[in-house]
Participant: 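Right, I'll just put the structure down here and ask away after.
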Amino acid sequence: MLVGLSGGVDSAVAALVLRECGYEVTAVRMRIYDGPDDPSLAYGCYGRGAAEERASAEALARHLGLPFREVDCVEAWRELVLEYFRSEYLAGRTPNPCVRCNQMIKFGALPRLAEAGGLAFDFFATGHYVRRTLDAEGRPELRRGLDPRKDQSYFLYRLSREQLARTLFPLGGMTKAEVRGLAAARGLAVHNQPDSQDLYGGRYVDLLGAPDREGAVVDTRGRVLGRHRGFWHFTPGQRKGLGVCGPAPLYVLRVDAARNEVVVGPASENAFEGCFIDATNYFLPEPAPGTRLIARMRSSQPLQEVVVGERDEWGRLRIDFVRPMSGLAPGQSLVLYQDDLVIGGGIIQW
RNA sequence: UGGGGCGUCGUCAAGCGGUUAAGACCCGGGUUUUUGGAGCCCGUAUUCGAAGGUUCGAAUCCUUCCGCCCCAG
């Protein structure tokens, strides 16, 4: 059994649980950053104090009595996550690096490189708050974590069935409080460590390496309301940072990369009746048009009622919202659920 | 140059002799969050274009100056 150990509470407890279940567990940490440590970038996956993090993970592994290995995913991460992140933003879309990283690195390069490096294992496990179950024919299914506040299925909808088949999620049936409690009970120093990390502890724009390029902030009629320093500083739904004042708040409606324009409008214009998705990934057959499901267009959001539509001539699947939604962005993901079960999802387009 | 109007926070804008000088937008901070965002909370003019004057007391009344706008030539 291979378990991904980040140095945080969740993965530590995942490893703990597996060991206590009697599995023979090896802890692996994926290294995605090999530049200089920067203390000012705390709480980011990338650019965080690499040495300190590694030491922390290794200490945890020792405390748990597990063999520890670090797997060098620096190249893969740079190619498949960072480059994706850059090119998406600079194309005027809003990427989700976590979805990408899970698909390509955490559940991709990490176990693959570990295996190539001589680590044999039957299953790979992580501390995600999701559940994996098997259907009547023994095929793996992905379900939301039991703790509704911590469910991370949104970030994992892009895994393949093959990846899922080989993965276990020991925390899927636990709440965060139970995880912390278990960590404390077993004397894990990280039990009260703050949650979560971002992609990057600094401003994401710094990762793009794009020099400022002044452009116009315009309304839907094309009137210039202000100036900005580059369209990639903005994402649909964004309100802050526009520097444009009016009688009511303005939101970014869309970003025009070709013209380097940021189109803004009042809240009333920032609501969508539906969207298209493509690059879909499914664990179950694609629902037929007219199927009513619940969905998420964002990681932290109450589940929304939607109706599956038809595929258009470009092969994009239409999804209609029962209630209008705001803040959708092309490049983000929409994930479809039937109760707890993750059906699949795709990348938002329009 | 005549006639009229206006100058209150970065922006819009209440106020009309006694208010701690509203509010909105922007901005800043916090909260939240394994993506981007949103939401919510908090904060932000000792000062009202400037200088004098009247008054117990003025952003609110008077005078002059400065600036801007409209109409007329």
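Just so it is clear: chains get the letters A, B, ... in the order the sequence lines come, proteins before strands, and each one is counted from 1.
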Participant: Do D212(A) and R229(A) sit within salt-bridge range, that is, some charged N less than 4.0 Å from a carboxylate O?
Facilitator: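 Result for this pair is yes, salt bridge flagged.
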Participant: Across all strands shown, which nucleotide pairs with rA72(B) by Watson-Crick or G-U wobble geometry, both distances under 3.5 Å?
Facilitator: rU1(B)
Participant: Tell me which nucleotide among rU34(B), rU35(B), rU32(B) gets nearest to the side chain of R149(A).
Facilitator: rU32(B)
Participant: Under 4.0 Å between a Lys/Arg side-chain N and an Asp/Glu carboxylate O for E115(A) and R112(A)?
Facilitator: no
Participant: Under 3.5 Å for both donor-acceptor distances, Watson-Crick or wobble: does rU32(B) have a partner, and if so which one?
Facilitator: none
Participant: Taking the inter-plane angle between the rings of F107(A) and F124(A) on a 0 to 90° scale, is it parallel (under 30°), tilted (30 to 60°) or perpendicular (over 60°)?
Facilitator: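 Rings of F107(A) and F124(A): perpendicular, over 60°.
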Participant: Can you tell me how far P of rU33(B) sits from CG of D147(A), to the nearest Å?
Facilitator: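 One finds 11 Å between P of rU33(B) and CG of D147(A), rounded.
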Participant: Nearest to the T94(A) side chain among rU33(B), rU34(B), rG36(B), which nucleotide is it?
Facilitator: rG36(B)
Participant: Give the nucleotide from the list rU34(B), rU33(B), rC27(B) with an atom nearest to the side chain of C98(A).
Facilitator: rU34(B)
Participant: Both distances below 3.5 Å, Watson-Crick or wobble geometry, any strand: find the nucleotide opposite rG17(B).
Facilitator: none
Participant: The side chain of R239(A) lies closest to which of these nucleotides: rG39(B), rU35(B), rU34(B)?
Facilitator: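 Minimum distance to the R239(A) side chain belongs to rG39(B).
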Participant: Which nucleotide in the list rC26(B), rG36(B), rU32(B) gets nearest to the side chain of C245(A)?
Facilitator: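 My answer, after comparing the listed nucleotides, is rC26(B).
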Participant: Would you classify Y251(A) as touching base, sugar-phosphate or nothing, given that sugar-phosphate means primed atoms plus P, OP1 and OP2, and contacts are heavy atoms under 4.0 Å?
Facilitator: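 Sugar-phosphate only.
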Participant: Find the distance Y46(A):OH to rU35(B):C1' and express it as a whole number of Å.
Facilitator: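 Taking OH of Y46(A) and C1' of rU35(B), I get 17 Å after rounding.
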Participant: Is there a chain of hydrophobic side chains (I, L, V, M, F, W, Y, each step under 4.5 Å between heavy atoms) that links L90(A) to V255(A)?
Facilitator: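 Shared cluster, yes.
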Participant: Say you pick atom P in rC25(B) and the same atom in rC62(B); how far apart are they, in whole Å?
Facilitator: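 That atom pair is separated by 35 Å.
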Participant: When the P atoms of rG4(B) and rC27(B) are compared, how many Å lie between them, rounded to an integer?
Facilitator: 43 Å
Participant: Side chain of Y154(A), heavy atoms from C-beta onward: which of rU33(B), rU35(B), rG36(B) has the nearest atom to it?
Facilitator: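 Among the listed nucleotides, the one closest to the side chain of Y154(A) is rU35(B).
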Participant: Expressed in whole Å, how much space separates the C1' atoms belonging to rC9(B) and rU47(B)?
Facilitator: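 Looking at atom C1' only, rC9(B) and rU47(B) are 9 Å apart.
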Participant: Looking at every strand, decide which applies to Y204(A) at a 4.0 Å heavy-atom threshold: base, sugar-phosphate, or nothing.
Facilitator: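 Here Y204(A) touches the backbone only, sparing every base.
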Participant: Quickly work out the L334(A) CG to rG37(B) P distance and round it to whole Å.
Facilitator: 20 Å
Participant: Rounded to the nearest angstrom, tell me the gap between atom CG in D206(A) and atom C1' in rG36(B).
Facilitator: 15 Å
Participant: Whole angstroms only, please: what is the CG-P distance between L225(A) and rG10(B)?
Facilitator: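 Taking CG of L225(A) and P of rG10(B), I get 21 Å after rounding.
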Participant: What nucleic acid atoms does G327(A) come within less than 4.0 Å of, heavy atoms only: base, sugar-phosphate, or nothing?
Facilitator: base
Participant: Looking only at atom P, what distance separates rG37(B) and rC61(B), rounded to whole Å?
Facilitator: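 So the two P atoms sit 48 Å from each other.
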Participant: Please find out if less than 6.0 Å separates the ring center of F123(A) from that of Y23(A).
Facilitator: no
Participant: Is there a Watson-Crick or G-U wobble partner for rA51(B) with both distances under 3.5 Å, and if so, which one is it?
Facilitator: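 Looking at the geometry, rA51(B) pairs with rU63(B).
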Participant: If you assign S300(A) and L328(A) each to the RNA chain B nucleotide with the nearest heavy atom, which residue ends up on the more 5' nucleotide?
Facilitator: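 Looking at RNA chain B, the more 5' nearest nucleotide goes with S300(A).
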Participant: Look at K150(A) and rU34(B) and indicate whether a side-chain polar atom (N or O) is within less than 4.0 Å of OP1 or OP2.
Facilitator: yes
Participant: For S326(A) and for V99(A), locate the closest nucleotide of RNA chain B by heavy-atom distance; then report the residue assigned to the nucleotide nearer the 5' terminus.
Facilitator: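 Nearer the 5' end of the strand: V99(A).
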Participant: In the strands shown, is rC26(B) matched to any nucleotide by a Watson-Crick or G-U wobble pair with both distances under 3.5 Å, and which?
Facilitator: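 With both distances under 3.5 Å required, rC26(B) matches none.
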Participant: What about R298(A): does its side chain form a donor-acceptor pair under 3.5 Å with the base of rG36(B)?
Facilitator: yes
Participant: Looking at the side chain of Q332(A), which of rU34(B), rG36(B), rA38(B) is the nearest nucleotide?
Facilitator: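 The listed nucleotide nearest to Q332(A)'s side chain is rG36(B).
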Participant: From the list rU35(B), rC27(B), rC25(B), which nucleotide is the closest neighbour of the side chain of P249(A)?
Facilitator: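 Within the option list, the nearest is rC25(B).
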Participant: What's the gap between rG15(B) and rU8(B) when it is taken at their P atoms, as a whole Å value?
Facilitator: 15 Å
Participant: Could you check which of rC26(B), rU33(B), rU35(B) has an atom nearest any side-chain atom of P97(A)?
Facilitator: rU35(B)
Participant: For rU54(B) versus rA21(B), give the span between their P atoms, rounded off to a whole number of Å.
Facilitator: 24 Å
Participant: Which value, in whole Å, describes the distance between the P atoms of nucleotides rA50(B) and rA58(B)?
Facilitator: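 The same atom, P, in both gives a distance of 15 Å.
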Participant: What is the nucleic acid contact for G241(A), judged by heavy atoms within less than 4.0 Å: base, sugar-phosphate only, or nothing?
Facilitator: sugar-phosphate
Participant: Is the shortest side-chain N to carboxylate O distance from R323(A) to E305(A) below 4.0 Å?
Facilitator: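 No salt bridge links R323(A) with E305(A).
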Participant: Tell me which nucleotide, if any, is Watson-Crick or G-U wobble paired with rA38(B) when both distances must be under 3.5 Å.
Facilitator: none
Participant: Run through Y204(A), F231(A), W232(A), F234(A) and flag the one making a ring pair (Phe, Tyr, Trp, His ring centres under 6.0 Å) with Y89(A).
Facilitator: Y204(A)
Participant: Looking at Y129(A), is R149(A) sitting on its ring face, NZ or CZ under 6.0 Å from the six-membered ring centre and within 45 degrees of the normal?
Facilitator: no
Participant: Send over the distance from K240(A) NZ to rC41(B) P, rounded to a whole Å.
Facilitator: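 These atoms are roughly 12 Å apart.
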Participant: Heavy atoms only, 4.0 Å cut-off, all strands: where does V244(A) land among base, sugar-phosphate and nothing?
Facilitator: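 The residue V244(A) makes sugar-phosphate contact but no base contact.
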Participant: Expressed in angstrom and rounded to an integer, what is the separation of F234(A) atom CZ from rG36(B) atom P?
Facilitator: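 After rounding, the reported distance stands at 16 Å.
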Participant: What integer distance in Å separates Q238(A):CD from rU33(B):P?
Facilitator: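 Spelled out: CD on Q238(A) to P on rU33(B) is 21 Å.
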Participant: Please give the distance between the C1' atoms of rA24(B) and rA51(B) as a whole number of Å.
Facilitator: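 One C1' to the other, the span is 33 Å.
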